[in-house]
Every structure is written in structure tokens, then in C-alpha cells.
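Since the structure is predicted, the reported quantities are computational estimates derived from the model, not experimental observations.
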Amino acid sequence: MCGIIGIVGKSEVATALYDALTVLQHRGQDAAGIATFDGRRLHIRRGPGLVRDVFSARDMQELRGHAGIGHCRYPTAGAEGSEEAQPFYVNSPYGIAFAHNGNLINTEQLRREMFEDDRRHINTDSDSEILLNVLAHELQIQERHALTPDELFKAVAGLHARAKGGYACVALIVGYGLLAFRDPHGIRPLVLGERDTPQGSEYAFASESVAFDILGFRRVRDVAPGEAVFVGLDGRLSARRCAEGAVHAPCIFEYVYLARPDSMIEDVSVYKARLRMGEKLAAKILRERPAHDIDSVIPIPDTSRTAGSTLATMLGVPFREGFVKNRYIGRTFIMPGQGERVRSVRRKLNPIPLEFRGKNVLLVDDSIVRGTTSKQIVQMAREAGARKVYFASAAPPVRYPNVYGIDMPAAAELVAHGRTVEEVREWIGADWLVYQDLPDLIDAVAEGNEQLKHFDDSCFSGNYVTGVEQAYLQELEFARSDEAKAQRRSA
């Protein structure tokens, strides 16, 4: 769930890339990087930490050029820190800087092919570096003359034939321009924007449309599944569908949690989708408990506020802010290691006792993944004086790992895996627990765009749109477990 941005402009783009990354910071807090091309040289600055901490004033002055890409990293696999900060770079052919959001599920196969067949060495554990080298190889085998959009699109088609998983990518090709493409299923999001200037049109690609708002670009459309779009340094845009026949299945968890509410993804307002999630969940509560004794609905900041507001309205009870959030603590879901996540919950949230004392409260969260955060929040509500603590999840039970770029951990670390709803309720300590039904979640999102017929809902259903072998899931379980991550950090 990284954030990516790419711009081909008529003036210096470094500041615009920086500003866009700050807006996309919610998609990754581990590392950040920017690469620009000044017509002669490629300039790259990347490092661990938040966007504001990675780039100094001097860095920004040195990132010269009218074209560039940026990335903020959220680790799902591989090491944490500067070694795997993006953009990555290869000097042949042409010189390519590359940024990627997503995850491949045939990484080891491609790594072997890269070494044995393509004679390319992969220096990190990152599948992003593998994707870059696959692209570089596919470009290398094209005819040796001036690079054209046709050759670029053939190279992307070759990449699609080899790479399996969810990915959205931007590649800055020295001397030519910016290439953006998306996996054949369109699992990870990628949006195209345009801005008019006296010198001509400027183009941008981003993980979320909210990045365009701060830059003054207008959202044109989503990059289609399997499509590649190339913008030359002269500002000319070319596009082609480079993979056909795959089921369009965008990630539904983007709407549940990952994306900002002010973004548009697949022509669906994330904000309105979350409003509808609240309506659907309220309808279920009224079916199951028409004579409920809920005194107030309290969202767990921030993602659940939107769904919580419509839920409260439909239940006919007050919507109250019961927790104050410390804005200087990051999103606990994407923190590396369970110990850090546990410590961060009480640092991040502080209850307002007046909203809990002697009341039956319904806490609303966007989802329940590991359950540890939910358990602590229920306990905090009781300590603040709540008589009864009910819990509602705007998403269905998360029972399966996500393999397409979200760090939903090993199945054994998911609280709903192998447990009934009642067993999860007991584990988190709530008096009652209600989950959104999956058909209702799908309807809540799809209502915004009648063309959307399928979603990647694998973390809820266990149905992987690309197909996944059991051996891969077992490898993933080890790689993503908190124990494995702790070993990598201490190595």
C-alpha cells in the first residue's frame, strides 16, 4: 500500500512531488524518495522516515528537472529502512528510475529467471527491484533504435506476461519521459491527472486523486487495468491496453481503510462509499437488534468516522467523539511489529470519560484485523466508565492474508481466522459484536460505479483473483509474521 506520484511538467517538479507525497503519506511511513530528470542527469534522493524528514532544503534544490517520480514506502516484504527505499534505478537500457505500489506473488520465480536467463542481479529483497529489472530486460530485447511508445507498450506487455500479482508503477526513462502502468486486474489504484499551463499540458499519475487537489491538477480518469500510459518529455501522451481478458477487480480494502475519504478511485467517492457502509451496517443492526439499548455511537478515529455518522443517524442515536487522537502518532495498522502497534494505541487515543460514564456505547471501527487494537480500545472504554461496550466493524471479518500489497499478516495472526464472531467478541472483550456482511460491503462500493462488477475481496473471502498456490501462502505466513520481522530488524 505504498504511495506513488509521477509528473511531466513545463517547469521544475520537485516541490510538486514533495507536496504530493505529503498528501500520500498515509499510504506509507517507512521511507520516501524522489527522482527527477533535468534533461541531462537523473537526480535521486531517498531515505528512511517520513517525507518531511527525508528531504532537506539542499536536497530539494538539487532535485532539478521538469519530470520526476516519488514514492512513500509501506513495507509488506523485505527489509525496512533505506536499503529498500524507492525509487530504484538501473542504468541499462537508457537509465530508468522506478517506483511501485503492490506485491508480486511469483517473486522467487522471477528472481531465478532474472539471474539464470536474463543475467541480472537483484540486490535487495524487494519485488519492486524485480519488476524494474523485468521492465528493463523487456526494453533491452526491443530493436536497438530510438525508443518509441510502441516499443514501450510491447515491453509492458512482456512484463504483464511474466509478473503475477497486484502492481501500479511509474518509471522515469532518461531522455524519453514517464511511463505508468497497472496490473491486468487493476488491483492497485493509479489515477491520471492533467493541468493546463501557458506552455501546454502537464500530466501526473498518482495512487490517489487527492494528490491532484493540492497540485491543481484535474482528475482525468483511472489508468485502466493492464493499460500503460507514456508521457514524453515533450508532453505528448500515448496509451495502450497491454493485457486483455483479465477480470477487473480493484482492491475493496482501499475503500474500507487505505485511501483518504477525499479521494476518487474507479470513479467512486471513497467518502460516499463509507457513508453507504454505515447505512448497510445500521440496517443489519436494526434487523438483529430492533430494540437495541445503544445510547451513543462513538467512532474510532479517523477512518470510521464517515461510516459511524450515517450509522448513528439511521439508528436514531447521538454520534459522539469519545476518543481524542494524538496527531503525531502514525497509523498503527502499518507500524512494523506487534509490540510497537500495542504501545501506540494508548499513545494515539485518549478517551473522554464524559462520553462513556454510565452509557451503553457502540464503538465503530473500519475493520478488525489482528484484534489487539480493538481489545485495548474496548478496555479503555470500560475504564472510562461505560456500562456496556458494543463493537461494530464496517468491514466483514478479515480471515485471510492479503497478497497484493497490504500487510495483513499471517493467517494465524488474524483474530477472525478460525474463530466465530462470538469467539472474536469474547477475545476483544465486547458485550456484542457485529460485522458488515460482504455482499453489503460490495454493494456500498459498487453503487458509485455500475461498471464495477468484481473486487479483490480476498482478505474477507479467501478468493484470490490471480490464483495463489498454498506453498506461496505458507512462505508468506513466515515472511510476514511479526517474529520474522523482528528477526530481520535485529539482524
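- One side chain, Ser56 or Asp59, offers a donor N or O that lies under 3.5 Å from an acceptor on the other.
- Considering only heavy atoms from C-beta on, Tyr435 comes within 4.5 Å of Val424 through its side chain.
- Side chains of His248 and Gln451: no donor on one and acceptor on the other come within 3.5 Å.
- Taking 4.5 Å as the limit, some side-chain heavy atom of Lys325 sits within range of a side-chain heavy atom of Leu349.
- Residues Ile368 and Leu433 meet the side-chain proximity criterion, which asks for heavy atoms closer than 4.5 Å.
- Looking only at side-chain heavy atoms (C-beta outward), His292 and Leu315 come within less than 4.5 Å of each other.
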Quiz item: Could you go step by step and tell me if Asp437 and Lys280 meet the salt bridge (Lys or Arg N to Asp or Glu O under 4.0 Å) rule?
Solution: CA-CA 9 Å; Asp437 291 331; Lys280 302 282 187 184; over 6 Å; no

Quiz prompt | Chi angles and distances behind the salt bridge (Lys or Arg N to Asp or Glu O under 4.0 Å) call for Asp302, Lys348 | solution = CA-CA 11 Å; Asp302 284 315; Lys348 184 173 74 169; over 6 Å; no

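- One finds a salt bridge joining Glu254 and Arg27 here, because a Lys/Arg side-chain nitrogen approaches an Asp/Glu carboxylate oxygen to under 4.0 Å.
- Ser367 approaches Ser393 most closely through the heavy-atom pair CA-OG, 3.4 Å.
- For CZ of Arg64, the number of neighbouring non-hydrogen atoms (other residues, nucleotides, ligands) closer than 6.0 Å is 12 at most.
- Of all non-hydrogen atoms in Ala85 and Gly47, the two that sit nearest each other are CB-N, 4.0 Å.
- If you take CG on Leu258 and OG on Ser263, they are separated by 11.0 Å, rounding to the nearest 0.5 Å.
- The shortest distance between side-chain heavy atoms of Thr372 and Trp427 falls below 4.5 Å.
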Practice problem: Decide side chain to side chain donor-acceptor pair (under 3.5 Å) for Gln379 and Glu383; before the verdict, give the C-alpha distance in whole Å, the side-chain angles of both, and the deciding distance to 0.1 Å. | Solution: CA-CA 6 Å; Gln379 183 179 348; Glu383 292 171 356; 3.1 Å; yes

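- Ion pair Arg188/Asp456 not flagged as a salt bridge, since none of the NZ, NE, NH1 or NH2 atoms sits closer than 4.0 Å to an Asp/Glu carboxylate oxygen.
- For the atom pair CZ of Arg45 and CG of Leu63, the computed distance is 9.0 Å after rounding to the nearest 0.5 Å.
- Aromatic pair Phe455/Phe253: centroids not less than 6.0 angstrom apart.
- You'll find the side chain of Tyr203 stays beyond 4.5 Å of the side chain of Leu178, heavy atoms only.
- No donor-acceptor pair under 3.5 Å is formed between the side chain of His185 and the backbone N or O of Gly166.
- Atom CZ of Phe323 and atom CD1 of Ile298 lie 6.5 Å apart (nearest 0.5 Å).
- In this structure, Arg320 contributes its side chain and Glu355 its backbone to no donor-acceptor pair below 3.5 Å.
- Looking at Arg347 and Asn326, their side chains never come closer than 4.5 Å, going by heavy atoms from C-beta outward.
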Practice problem: Report the C-alpha distance between Asp293 and Tyr390 in whole Å, list the side-chain angles of each, state the deciding distance to 0.1 Å, and finish with yes or no for side chain to side chain contact (heavy atoms under 4.5 Å, CB included). | Solution: CA-CA 10 Å; Asp293 58 351; Tyr390 306 133; 2.7 Å; yes

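- Between Ser458 and Asn402, the closest heavy-atom pair is OG-ND2, 4.3 Å.
- One distance of note links CG of Leu311 with CG of Leu275; it measures 11.5 Å at 0.5 Å rounding.
- Using a 4.5 Å heavy-atom threshold, the side chains of Leu172 and Pro87 count as separate.
- Atom NZ of Lys284 has more than 12 neighbouring heavy atoms from other residues, nucleotides or ligands inside a 6.0 Å radius.
- Heavy-atom minimum distance, Ala16 versus Leu215: O-CD2, 3.4 Å.
- Formation of a donor-acceptor pair under 3.5 Å by the Glu129 side chain with backbone atoms of Thr124 is found in this model.
- A donor-acceptor distance shorter than 3.5 angstrom exists from the side chain of Asp183 to the backbone of Ile187, with no hydrogens or angles considered.
- In this structure, Glu279 does not pair ionically with Arg276, as no charged nitrogen and carboxylate oxygen lie closer than 4.0 Å.
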Exercise. Quick one: do Val345 and Ile377 satisfy side chain to side chain contact (heavy atoms under 4.5 Å, CB included)? Show the steps, please.
Key: CA-CA 8 Å; Val345 174; Ile377 290 173; 4.2 Å; yes

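- A salt bridge does not link Lys388 to Asp431: none of the charged nitrogens lies less than 4.0 Å from a carboxylate oxygen.
- Figure legend: cation-pi geometry between Arg46 and Tyr89 absent, as NZ or CZ is not positioned both under 6.0 Å from the six-membered ring centre and within 45° of its axis.
- Environment of CZ in Phe319: crowded, with over 12 heavy atoms of neighbouring residues, nucleotides or ligands closer than 6.0 Å.
- Around CD of Glu422, the count of heavy atoms belonging to other residues, nucleotides or ligands within 6.0 Å exceeds 12.
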Quiz item: What do the steps show when you test Met277 against Leu441 for side chain to side chain contact (heavy atoms under 4.5 Å, CB included), and what is the final call?
Solution: CA-CA 6 Å; Met277 290 175 204; Leu441 174 62; 3.7 Å; yes

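- In this structure, the separation between CD1 on Ile105 and CD on Glu475 is 11.5 Å, given to the nearest 0.5 Å.
- Between the CE atom in Met60 and the OG1 atom in Thr15 there is a gap of 4.5 Å [rounded to 0.5 Å].
- Panel note: side chain Asn103, backbone Val403; a donor-acceptor pair is recorded below 3.5 Å.
- A salt bridge does not link Lys10 to Glu202: none of the charged side-chain nitrogens sits closer than 4.0 Å to a carboxylate oxygen.
- Across all non-hydrogen atoms, the minimal contact from Ala307 to Thr310 is O-OG1, 3.1 Å.
- Summarising the local packing, CZ of Arg289 is surrounded by more than 12 heavy atoms from other residues, nucleotides or ligands at distances under 6.0 Å.
- With hydrogens and angles ignored, the 3.5 Å screen pairs no side-chain donor or acceptor of Thr107 with any backbone N or O of Asp127.
- The aromatic rings of Tyr464 and Tyr404 sit perpendicular to each other, their planes meeting at more than 60°, with 30° as the lower class boundary.
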